[in-house]
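A note on names: the letters A, B, ... follow the listed sequences, proteins ahead of strands, and every chain is numbered from 1.
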Amino acid sequence: MSFLRKPIYATAGYNTVSLGQGRKEFKPKEPRPGIEHYIKEAGRGALAQVKNPEAIDEGVMTNFMMARYNRQGNRPGFFPMIHPSFRYKPATGTEGACDSGGLGLAVACKTILADVADAVLVVGFEVQTTVKAVYGADYLAGAGWYKDRKKGHAHFFPGQFSDRAGACFEKFGKEKVREGMAHWYVQAIENARRNPKAQEYHNSISDLFATGMTPPNPKVFCEHINVYDCSKVSDAGCALIFASEEGLKKLGVEKKDAVEVVSWGQCEDDITNPQPDLTKLVASQKAASLAYERAGLSPKDIGVLEVHDCFSIAGLLMMEATGFAGYGEGADFVSAGKTKIDGEIPTNTTGGLIGYGHPVGASGVRQAVDLVHQLTGKASDCQIAMDSASPYGLMVSMGGSDITIVSMIFKKIE
Amino acid sequence: MNLDERFENVSVIGAAGKMGSGIAVLIAQEMAKLKKKNKDKIYRLNLIDISEQALDGLSGYMKAQIIRVAEKSIVFLREMYEERKDLVENIEIINAFVDDTFSVIRCGTELGMAKNSKLIFEAIAENEDIKIKVLKSLDEVCGKETFFLTNTSSIPIGFLDQEAGLDGRIIGYHFYNPPIVQKLVEVITPTTIQKELSDIALELGKRLRKKLVPANDVAGFIGNGHFTRDGLYALNEIERLKDNYSLAGAIYIMNRISQDFLVRPMGIFQLIDYVGIDVFDSILKVMRKHLGDETLRHSLVNSMIEQKVLGGQRPDGSQKDGFLKYEKNRPVGIYDAEKKEYVPINKDLDTKIGALPDNFKPWKALLTEPTKEEKLSDYFASLKGTKTLGAELALSYLAETKKIGEDLVKEGVANSYEDVNSVLTNGFYWVYGPINEYV
Ligand SMILES: NC(=O)c1ccc[n+]([C@@H]2O[C@H](COP(=O)([O-])OP(=O)(O)OC[C@H]3O[C@@H](n4cnc5c(N)ncnc54)[C@H](O)[C@@H]3O)[C@@H](O)[C@H]2O)c1
């Protein structure tokens with residue numbers, strides 16, 4: 001039996017530029033656009049790809065920490081601003097830390113399955129450059145349990161994933177894992193250089209591997225990771241439309257411009273519990289397995305992959321969680337080039353969180369947008385040749401240190 | 001008395017000035033750390049300046065600086081405040097550190113505030129008479145245990161010691177501008193010094209994580225000993241070039257040669273403007289007096305000063321016009337002291353100077369380049385093979401700066417070539433020392 005009681009499609013994806021350190025146009029001391037700008041650009045960017053924008057029935061606004069970065073709550077209130085016909089239509093907000101966007105995708109699908117809407121616009125956004133990273137670190141720390149903050153690192157999340165890297169060094173060998181992480185960085189930048197919207201698009205470092213191998217400096221940062229192992233502080237918005245069969249018609253979208261949502265897996269771990277094993281992403285693995293199981297698929301069916309690489313070590317662990325590499329083999333898998341754009345399983349083809357940027361509450365949406373682009377042949381310079389034997393795209397979006405997870409599978413329409 | 005004990009009560013004189021305020025930030029932080037360790041002790045940092053108005057702006061400046069430093073040291077500060085359960089977020093910890101730092105500070109205009117200080121940093125204007133007068137008064141209010149660290153850029157320390165009657169309780173502790181950022185401190189130890197003071201000075205350097213370079217007690221020391229002669233060389237070249245290229249043209253040429261062709265952070269005239277033409281002149285004056293060298297002067301500097309074109313910086317750090325005219329801190333014109341006006345930069349001069357060799361890399365790129373020695377060596381080799389006005393002027397300039405450096409050692413100002421190079425690379429941000437094999 002199919003997981004979905006009726007078909008759902010995703011279409012009309014749009015990502016703004018990810019603005020922040022690294023982009024040439026980013027001037028830290030000059031005023032910058034706020035959340036409204038990104039919501040409008042992304043939302044309208046999606047609407048511009050459909051004939052009838054007024055056919056959108058509902059909105060889902062996804063964001064993590066606007067309450068602190070932008071002193072603003074009530075995310076659904078920004079939905080009507082996108083299009084005149086949206087006023088008085090329903091909208092929902094989601095927040096699940098870095099998986100806020102992933103939750104938005106799931107909510108959109110559930111709304112359609114519930115037969116209360118035929119077309120749902122999901123808009124993810126985050127504007128983080130309003131404060132220095134040293135203060136933003138505390139806002140982001142909200143993705144963990146507040147009672148762990150005091151004993152945590154000044155840069156709380158880098159500290160959490162530094163501990164994961166340290167645990168992996170110890171268990172699987174420092175050199176190999178360290179090199180795997182550096183290769184992940186190289187791949188992220190190489191892919192981002194093909195994506196004009198990416199924060200690392202202008203990156204011109206010549207020896208990326210050597211840069212990735214920069215020894216950590218625990219005096220000012222973390223013990224086991226360097227700054228290149230980290231995703232960026234970013235401002236961006238990303239939008240994607242989900243629709244039923246009927247919804248596609250009403251929007252005036254042709255099937256060739258859409259992909260099918262095949263399944264998803266959603267998982268929640270207890271934020272107050274210490275992580276059982278730092279060398280594994282257990283919840284992420286469960287969510288991905290659920291998605292595979294519900295679709296009756298396995299890794300060999302997947303032609304393109306989007307994983308949540310908030311840190312390079314997360315990228316390696318995600319390769320294990322999604323079943324492409326065995327336990328402890330993520331580093332080897334990546335170092336062997338298997339995740340490169342021309343490798344066995346092209347992963348994060350537009351740069352991922354390290355290359356494109358990590359506008360936290362938008363990242364899950366961004367991942368889905370990029371999969372839709374790949375599966376509809378709209379990925380421009382990042383486009384890979386999809387093999388008809390593996391016409392599926394899988395994504396895993398993770399909130400916190402393996403706490404809130406959505407994994408979703410999309411299929412190219414033949 | 002050890003350094004920790006001396007740190008219980010410190011004064012900075014001229015605390016509202018460029019150097020004094022920076023030194024104050026450095027010391028205040030160290031005191032805050034000590035206070036955290038020794039809760040029962042009272043720490044006091046007296047910030048003394050003659051200008052009430054300047055003192056008024058001091059706390060705002062210090063606060064901004066201390067916050068900046070705290071943001072950079074947040075990993076350390078979280079450890080330092082580990083037992084303070086009420087401080088959770090970085091901002092709470094940073095604010096606590098700022099409060100703790102400020103709680104040791106007292107500001108005022110009376111030298112008497114320094115009464116109990118065992119360590120005094122002097123950073124008032126570069127004027128012998130005033131410095132001696134202030135040091136004398138301080139010696140009267142303080143006990144005979146007090147040590148003085150003077151920031152003078154040029155006045156011999158032994159001379160100050162003798163004139164102020166300090167009995168070897170003074171050392172030259174020459175911070176570079178801005179003291180918070182610049183790692184270098186030139187330490188000038190006069191022969192009369194008390195041993196305990198030279199030990200304290202060394203330990204202080206470690207505590208402040210500074211790079212100490214020893215210089216001997218000869219007016220100008222290493223930094224200004226080199227800088228003044230380097231500037232005079234360029235000024236003399238102008239005399240030679242101005243007939244062919246006009247006065248403004250010659251200034252442009254020498255500024256560009258020193259910046260681009262010699263791969264320095266800024267051209268020599270921009271540097272003199274940055275320091276201030278009047279400050280440059282007053283250093284020359286001090287050196288002339290104490291070295292008896294009448295060649296340490298230049299008529300163009302005199303006419304600039306007569307015409308009140310002085311360079312230097314505004315309180316907000318922006319550059320005032322001097323030899324060059326600045327817009328947004330970038331040179332846009334050149335002062336012609338004969339015409340008494342700024343003239344626009346004549347870009348045709350670049351054609352006359354000639355192109356840079358293909359393997360030229362700008363200063364900024366070399367700063368972080370791991371193989372910069374190799375790159376520089378290739379570059380200067382190409383320069384030698386280039387027959388242009390630019391290459392010719394640059395190579396003579398390179399040879400001259402080397403000679404100036406060597407002479408500093410020959411004349412006993414510096415103990416080694418290495419020390420000379422260290423001052424120029426650390427204090428002036430050159431990417432190579434003046435005494436090199438590129439010549
Ligand atoms: N600016 C530099 O690049 C630099 C670098 C190294 C050393 N120095 C040396 O540091 C010293 C200070 O230079 P600066 O650039 O900070 O000068 P500045 O003019 O910015 O500051 C001098 C301060 O001293 C105060 N002052 C003057 N007479 C005083 C008195 N009798 N009592 C108390 N305060 C008095 C002034 O009000 C002023 O705030 C000088 O000896 C200078 O040669 C300067």
Side-chain angles (χ1 to χ4, degrees), chain A residues 27-30 65 67-69 71 128 130-160 162-163 203-211 213-228 230 233, chain B residues 29-30 33 36 63-99 101 180-181 183 206-210 316-318 328-330 359 361-362 364-372 374-375:
Chain A
K27 306 262 175 351
K29 294 209 171 94
E30 284 172 22
M65 267 297 171
R68 298 200 71 182
Y69 280 116
R71 302 193 175 98
Q128 299 186 271
T130 52
V131 295
K132 291 185 183 170
V134 60
Y135 305 115
D138 281 298
Y139 303 175
L140 297 174
W145 190 29
Y146 73 101
K147 286 195 175 169
D148 288 338
R149 178 63 192 112
K150 177 65 184 172
K151 64 173 186 284
H153 194 277
H155 300 276
F156 184 79
F157 262 91
Q160 300 272 298
S162 168
D163 291 350
N203 183 316
S204 62
I205 294 174
S206 51
D207 192 344
L208 287 172
F209 183 73
T211 305
M213 291 296 284
T214 306
N217 180 359
K219 275 207 179 123
V220 295
F221 197 56
C222 297
E223 199 178 340
H224 303 295
I225 65 173
N226 60 44
V227 291
Y228 306 100
C230 305
V233 168
Chain B
Q29 289 175 66
E30 287 313 305
K33 286 176 202 164
K36 197 97 201 4
K63 184 159 184 183
Q65 295 304 318
I66 292 167
I67 289 175
R68 266 188 43 182
V69 179
E71 287 170 349
K72 289 210 176 104
S73 337
I74 186 65
V75 173
F76 168 78
L77 289 183
R78 281 193 81 91
E79 274 168 36
M80 181 167 148
Y81 287 95
E82 203 175 346
E83 88 288 6
R84 282 284 301 273
K85 297 280 179 265
D86 57 322
L87 306 176
V88 178
E89 297 203 337
N90 292 341
I91 195 159
E92 295 168 315
I93 287 164
I94 288 168
N95 287 341
F97 182 69
V98 172
D99 289 348
T101 307
I180 305 173
V181 180
K183 284 268 161 272
K206 277 194 211 130
R207 196 73 73 85
L208 301 179
R209 290 168 302 281
K210 294 294 179 196
D316 69 357
S318 63
K328 292 189 177 161
N329 290 332
R330 289 170 154 265
N359 57 2
K361 287 238 170 342
K364 201 164 178 190
L366 285 180
L367 205 55
T368 50
E369 169 65 52
T371 62
K372 65 172 172 238
E374 208 179 297
K375 296 246 153 57

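Looking at E82(B), the atoms closer than 4.5 Å to chain A (heavy atoms on both sides) all sit in the backbone: N, CA, C or O. Residue I94(B) touches chain A through its side chain alone, counting heavy-atom pairs closer than 4.5 Å. Contacts of F156(A) with chain B are absent, with no heavy-atom separation under 4.5 Å from either backbone or side chain. The contact between K132(A) and chain B is made entirely by side chain atoms (from C-beta outward), counting heavy-atom distances below 4.5 Å.
Here NZ of K85(B) is found 10.5 Å from NZ of K151(A). Values are rounded to the nearest 0.5 Å. Interatomic distance, CG of N90(B) versus NE2 of H153(A), reported as 9.5 Å (0.5 Å rounding). To the nearest 0.5 Å, atom OH of residue Y139(A) and atom CD of residue E89(B) are 7.5 Å apart.
In this structure, K361(B) places its NZ atom where only 12 or fewer heavy-atom neighbours from other residues, nucleotides or ligands lie under 6.0 Å away. Remark: K63(B) NZ is loosely packed, at most 12 non-hydrogen atoms of other residues, nucleotides or ligands lying under 6.0 Å away. The environment of E83(B) atom CD is dense: over 12 non-hydrogen atoms of other residues, nucleotides or ligands sit within 6.0 angstrom. The local environment of CZ in R207(B) is crowded, with over 12 non-hydrogen atoms from other residues, nucleotides or ligands closer than 6.0 Å.
Looking at Y135(A) and E71(B), their side chains come closer than 4.5 Å, going by heavy atoms from C-beta outward. Side chains of I74(B) and H155(A) form a contact here, defined as non-hydrogen atoms less than 4.5 Å apart.
Across all non-hydrogen atoms, the minimal contact from V75(B) to K219(A) is CB-O, 3.4 Å.
For K72(B) (side chain) and V220(A) (main-chain N/O), no donor-acceptor pair under 3.5 Å exists by modelled atom type.
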